[in-house]
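Just so you know, these numbers use all the heavy atoms, side chains as well, and skip hydrogens, waters and symmetry mates. In listed order, ligands and their atoms are each counted from 1. The structure presented is a predicted model; accordingly, all values stated were derived computationally and were not measured.
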Amino acid sequence: MADSQRANDVAAWKALATHYQQIKDVHLRQLFADDPGRGERLTAETGGIYLDYSKNRITDETLRLLLQLAQERGVAQRRDAMFRGEKINLTEGRAVLHVALRAPLGARILVDGHDVVPDVHQVLQAMAAFADRVRGGAWLGHTGKRIRNVVNIGIGGSYLGPEMAYLALRPFSDRSMTFRFVSNVDGADFTEATHDLDPGETLFVVASKTFTTLETMTNAATARQWLVHALGSDAAVARHFVALSTNTEAVGKFGIDTDNMFGFWDWVGGRYSMDSAIGLSTMIAIGRDGFRDMLAGFRAMDEHFLTAPPERNLPLLLGLLTVWYNDFFGAETIAVLPYSSNMRRFPAYLQQLQMESNGKHVDLQGHSVDVQTGPIIWGEPGTDGQHSFYQLLHQGTKLVPCDFIGFCRPLSPVAHQHDLLMANLFAQAEALAFGKTAQELAAEGSPPFQTPFRVTEGNRPSNVILADELTPFTLGALVALYEHSVFTQGTIWGIDSFDQWGVELGKVLAQRIIPELTASAQPALHHDGSTNTLIQRFRDRRRAR
Ligand SMILES: O=P(O)(O)OC[C@H]1O[C@](O)(CO)[C@@H](O)[C@@H]1O
């Protein structure tokens, strides 16, 4: 990719714009009628993850042009640069090496001439030794009780991955232990997470890359007070707090013994960190072997992304399809619909991964982009979503491409319900694609006055990701699939998918407003008229009952 070239300057983008005009009114019914083999052909598979992308509004020509776009935008070169440890996060001058977190011992990845792989494995070993002690009852609390509760305190990437993974992998976790997650600075979050816990049996895992994040530091201080008050001694902190961070100094200042700190590095982005030390709660839940399997899943997808031919490369295809709808069809959102109750936080996890990475308005040269960048990600598990928002997916006026995610084998012992669950997934993808016409309805005896309301146009695209079983390995592979899809999109758009400057302004303004809310004397308010009035109303009424 020529450095200054813009996404829509390259030949493939222009060809796709023309091609879109030819294909935009072609129905998926037609595409399947013309090409009955596409349901088998437009698929790709690796490590037990099967992607059926045949229900997309594409032809072989679309695919050819999308793959050409990837080539012209230098996706493979940038991918290789990322895996080599080059500083592709330009605005922060950092390498982007979440792939090093799952590199096998013996691999060599250099950052500023230093091989980071042994460091990764050293931390993994320390995490495993600690997880063993907690799980085995060798790590005791201050009063000599065994740890039975683990509370992860963190937000954003220091929370969404751990909570999502814990819920996803519940069948593999130690069910005698309780795991909770506190993220919100709303005190209710802490209260709800701890109200029924015995402090003597509770371990707080304070997860923060920077160890400066307002929400996490506030909740950690509250946790500390709660614990010290209950156990009657500051000395209890050493047995009940561990830290996951890159900031040793701040961890020490907080009063956590830095021997009980598990580190990582600035080349791990927060939203790419669930397989770093940030995964300690996951490792305590599923054990060192489960965590190792999860890393193996990540690694399998990394290797696939690196080596699979473009036309069979799952993350590349998923990323290119996202660009296709986002930039050519003008679709603003993507619905992520896991048919798995255990995967219920996966859409929230992907929101940060995708939207914090690709919600950018300037390119790598600092110029305003003139194409649409990251889509809005949302979703809920099926079948729940079907009884909520699917009406709009089927008959609304907006195009919402969907990612359905399902598993061939259930892990729940209530296995007989799994066929019902999966029947719904297949049915929804089918209904979205093919719909039901007025003629079909009439033939079925629909009363004529109802027919227009009952017509479902179809031609609504989806991917179906069908994995064998929701194991740690599968989860790792699925997360890596989306990580590399996000990377692919960001490279096509020419943006920095690894910074997050947009979240800073709100943080700065909140710091200014905090004393205006807490001051007992009336502060002078110098905001806009709306903000001043809101602050004043809050001050006047917060103590009123
Ligand atoms: O792990 P930390 O440093 O507490 O940051 C938490 C989250 O805050 C953010 O910086 C956004 O505010 C995310 O990128 C990050 O995952």
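No donor-acceptor pair under 3.5 Å is formed between the side chain of His367 and the backbone N or O of Val362.
Between Phe346 and Tyr482, the distance from one ring center to the other falls under 6.0 angstrom.
Phe498 and Tyr272 have tilted rings, their planes meeting at an angle from 30° to 60° on a 0 to 90° scale.
A 4.5 Å side-chain heavy-atom check between Asn260 and Trp139 finds at least one atom pair inside the cut-off.
The number of heavy atoms from other shown groups lying within 6.0 Å of CD (Glu249) does not exceed 12.
Near ligand 1, heavy-atom contacts under 4.0 Å come from Ile155, Gly156, Gly157, Ser158, Ser208, Lys209, Thr210, Thr213, Gly270, Gln352, Glu356, Gln500, Val503, Lys507.
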Please list every donor-acceptor pair under 3.5 Å in which a side-chain atom of residues 119-127 meets a protein atom from a residue at least two apart or in another chain.
unit_1: Asp119; atom_1: OD2; unit_2: His114; atom_2: NE2; d: 2.7
unit_1: His121; atom_1: NE2; unit_2: Ala103; atom_2: O; d: 2.8
unit_1: His121; atom_1: NE2; unit_2: Leu105; atom_2: N; d: 3.3

